[in-house]
Amino acid sequence: MELFKSLDLNKEHKEDVKIENIEKVKCLIIGSGPAGYTAAIYAARSNLKPVLYTGLQMGGQLMTTTDVENYPGYPDGVTGPGMMEDFKKQAERFGADIRFGIATDADFSGKTHKVTIDDSKTIEADAVIIATGATAKYLGLEAESRYAGMGVSACATCDGFFYKGKDVAVVGGGDTAAEEATYLAGLCRKVYLIVRRDVLRASKAMQQKVMNTSNIEILWKHQAIDLFGENGVEGVTLVKEKGTPREEIVKLQIDGFFLAIGHTPNSEVFKRFINTDPTGYIITIPGTSKTNIPGVFAAGDVQDPVYRQAVTAAGSGCTAAIDAERYLSESHTEIPSK
Ligand SMILES: Cc1cc2nc3c(=O)[nH]c(=O)nc-3n(C[C@H](O)[C@H](O)[C@H](O)COP(=O)(O)OP(=O)(O)OC[C@H]3O[C@@H](n4cnc5c(N)ncnc54)[C@H](O)[C@@H]3O)c2cc1C
């Protein structure tokens, strides 16, 4: 239901009248990855009449990958875009209202939650599900986009299997890098861990694990500057001891190049009201999707610094829709007519 507030067409000076474009909905879902679409499926089937805004990347992170082989229900694998099209169709089948638009501001100070879309429209929602995902950090090399899906990955759990028995490099020195290197060491012939400094930031336990894994070799004080290969990554160009008299260029033959330098959760718009950890991941009450604001829920990678998988995101989207449904039935809010 579109409500145009403060609009009086009989006024002489129409240009002076501020037109506020406000729409009231019961359940607003922000984000169209596995978490957002799953929340939409469950919310629509619970008669919450969800409105979902897709954000810039309709379908989420999986739109940037070719093969998804670990999502249950697809025994022969599926392409990322193909799978997300299936999610969308399923949500639409139950009446979810899926729209293109970006949440640009939020005000969760009142009982009704307000979210601004594209700086031009306000959605007033009784319940909001934030499913805006997280974005993997890259080094910023031109080669990373040139070889996207052809040997460059930011997810060892997702893509490690494709490099079984091969040689790979992992970039990073923190816990994630140590974990990804150890995981890949169980699949690959050789794992080079490319570390900019001469120490690892990873916890002592993770460092021990890396040091005790025979097929991981740590390349201290190395920085990746380029990738090479004809039809995909065949190697990485590194600079060793950059800026010192001992600086040298090193070329390494590898089949896969894994970034493990962190993710940025897409929570900026909500941070004024929603509690996050120091990295920006939304904090939810353990075992639920509830945030610190009643009626605002979070699902998927935006609240998950640990697992970050499609199936875990979808699972938490389901949790968020069920939490939202229970919250709404307990708070006896009016169902707006659509
Ligand atoms: C290259 C690659 C390959 C992967 N392969 C696999 C795999 O094989 N198997 C697997 O399980 N996982 C894989 N993953 C991880 C998986 O994609 C994520 O865990 C999953 O997509 C997270 O789902 P999500 O719904 O939380 O967020 P996302 O998929 O990140 O979706 C976030 C959504 O929020 C929207 N959004 C963001 N900000 C706003 C805003 N301000 N307003 C409105 N909308 C907004 C975006 O447009 C997007 O639609 C892969 C990831 C990558 C990058």
Side-chain angles (χ1 to χ4, degrees), residues 26-46 48 50-55 57-63 65 68 70-74 80 83-84 86-88 90-91 94 96 98 103 106 108 113 115 125-136 154-155 157-158 176 263-271 273-277 279-329:
K26 195 169 192 201
C27 177
L28 172 67
I29 300 169
I30 309 166
S32 56
Y37 281 150
T38 304
I41 293 166
Y42 276 77
R45 285 171 53 80
S46 308
L48 302 189
V51 169
L52 179 151
Y53 279 93
T54 63
Q57 192 173 43
M58 188 188 270
Q61 292 173 61
L62 286 178
M63 300 305 282
T65 193
V68 179
N70 55 8
Y71 198 88
Y74 293 100
M83 185 167 113
M84 293 322 296
D86 284 349
F87 270 64
K88 180 167 177 276
Q90 196 170 348
F94 299 112
I98 295 168
F108 298 146
H113 307 304
V115 176
D126 296 322
V128 176
I129 296 173
I130 302 170
T132 44
T135 309
C155 180
T157 317
C158 313
T176 307
H263 284 74
T264 308
N266 302 317
S267 59
E268 203 53 46
V269 170
F270 313 103
K271 268 185 174 168
F273 299 94
I274 299 292
N275 291 344
T276 64
D277 73 7
T279 314
Y281 285 100
I282 292 178
I283 297 170
T284 50
I285 297 173
T288 78
S289 64
K290 295 174 188 170
T291 68
N292 57 303
I293 301 281
V296 180
F297 306 89
D301 284 12
V302 73
Q303 53 82 58
D304 176 7
V306 181
Y307 302 104
R308 286 192 302 256
Q309 290 295 288
V311 70
T312 49
S316 72
C318 156
T319 305
I322 293 175
D323 285 343
E325 194 279 325
R326 289 184 185 162
Y327 166 80
L328 290 171
S329 60

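In this text the structure is predicted, and so the values were computed from the model without any measurement.
- Atoms CG and CD1, on L28 and I130 in that order, are 9.5 Å from each other to the nearest 0.5 Å.
- With rounding to the nearest 0.5 Å, the separation of CZ in F297 from OG1 in T291 is 7.5 Å.
- For the pair N292 (side chain) and F273 (backbone), a donor-acceptor distance under 3.5 Å is present.
- Contact record, S267 with I282: CB-CG1, 4.0 Å, taken as the closest heavy-atom pair.
- Here the closest heavy-atom approach between residue I129 and residue A39 is recorded as CD1-CB, 4.0 Å.
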| request: Under the side chain to side chain contact (heavy atoms under 4.5 Å, CB included) rule, what do Y37 and M84 come out as? Steps first, then yes or no, please. | output: CA-CA 8 Å; Y37 281 150; M84 293 322 296; 3.6 Å; yes
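- Between the side chain of T319 and the main chain of T288, no donor-acceptor pair closer than 3.5 Å is present.
- In this structure, the separation between NZ on K88 and CG on L52 is 10.0 Å, given to the nearest 0.5 Å.
- From N275, atom CG reaches atom CD1 of I293 across 7.5 Å, with rounding to the nearest 0.5 Å.
- In terms of heavy-atom proximity, Q57 sits nearest to Q61 at OE1-N, 3.6 Å.
- Here the closest heavy-atom approach between residue A134 and residue N266 is recorded as N-ND2, 3.7 Å.
- In this structure, CD in E325 is found 12.5 Å from CZ in R45, a value given to the nearest 0.5 Å.
- Taking both residues in full, the closest heavy atoms of A43 and I29 are given as CB-CD1, 4.5 Å, listed atom of the first, atom of the second, then distance.
- For the pair D301 and Y281, the tightest heavy-atom approach, listed with the atom from each and the gap, is O-CE2, 3.2 Å.
- In terms of the side-chain contact (heavy atoms from CB on, under 4.5 Å) criterion, residue partners of V68 (sequence neighbours excluded) are, by chain and number, L62, T65, N70, Y71, V78, M83.
- More than 12 heavy atoms of other residues, nucleotides or ligands shown are found within 6.0 angstrom of OH on Y74.
- Not a single donor-acceptor pair under 3.5 Å links the side chain of H263 to the backbone N or O of V302.
- The OH atom of Y327 lies 12.5 Å from the OG atom of S289; values are rounded to the nearest 0.5 Å.
- The closest donor-acceptor contact from the side chain of S329 to the backbone of R326 lies under 3.5 Å.
- The shortest distance between side-chain heavy atoms of V128 and F108 falls below 4.5 Å.
- Within 6.0 Å of OH on Y42 lie no more than 12 heavy atoms contributed by other residues, nucleotides or ligands.
- Panel note: side chain S32, backbone G59; a donor-acceptor pair is recorded below 3.5 Å.
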| Full working for side chain to side chain contact (heavy atoms under 4.5 Å, CB included) between R308 and C158 | CA-CA 10 Å; R308 286 192 302 256; C158 313; over 6 Å; no
